[in-house]
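A quick write-up on the structure given underneath.
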Amino acid sequence: MKPRRMVTRNSAQRPTPRRTDITCQQVTGLIVDYVTGELATETTLAFKAHLRKCPDCIAFLSTYQKTIQATRFLAYRSIPPEMRTRLRQFLRSRIQGYPSGG
């Protein structure tokens, strides 16, 4: 019987632990890809893990999804130009003012 060789790995060969914590700001940045199902599996799992512990992000996602549902039936050209401008200004102010917790 041959003696076994002890295999050692240097730090470059060791599997690195995967960080699954993501911040509220990252959730906000990933929300479109999450809703459209375009996130990688690992990122989706991290996204869902964050949602389990963050009621603010759950509310944000819910509002985002309801907005998509509500606007599916709108034609962009049917919105008067002044209203489009006001809507863009409102959305920009909300996005800039959204708390970046994490």
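For the atom pair Cys57 SG and Gln25 CD, the distance stands at 10.5 Å (nearest 0.5 Å). From Lys66, atom NZ reaches atom CD1 of Ile68 across 13.0 Å, with rounding to the nearest 0.5 Å. Expressed to the nearest 0.5 Å, how far CG of Asp56 lies from CG of Leu51 amounts to 11.0 Å. Distance check, rounded to the nearest 0.5 Å: CD1 of Ile95 to CZ of Arg92 gives 8.5 Å. The CD1 atom of Ile22 sits 5.5 Å away from the CG atom of Leu30 when rounded to the nearest 0.5 Å. Taking OG1 of Thr44 as the reference point, atom CD of Glu38 lies at 10.5 Å (rounded to 0.5 Å).
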Full working for side chain to side chain contact (heavy atoms under 4.5 Å, CB included) between Val27 and Phe60: CA-CA 10 Å; Val27 165; Phe60 187 77; 5.7 Å; no
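The shortest non-hydrogen separation linking Val35 to Gln65 is CG2-CG, 4.3 Å. Smallest separation of non-hydrogen atoms from His50 and Thr23: CE1-C, 3.8 Å.
Each of Leu87 and Tyr64 belongs to its own hydrophobic cluster when Ile, Leu, Val, Met, Phe, Trp and Tyr are linked at side-chain heavy-atom distances under 4.5 angstrom.
With contacts defined as side-chain heavy-atom distances shorter than 4.5 Å, the pair Leu39/Lys48 does not qualify.
Here the side chain of Thr67 pairs a donor or acceptor atom with the backbone of Thr63 at under 3.5 angstrom.
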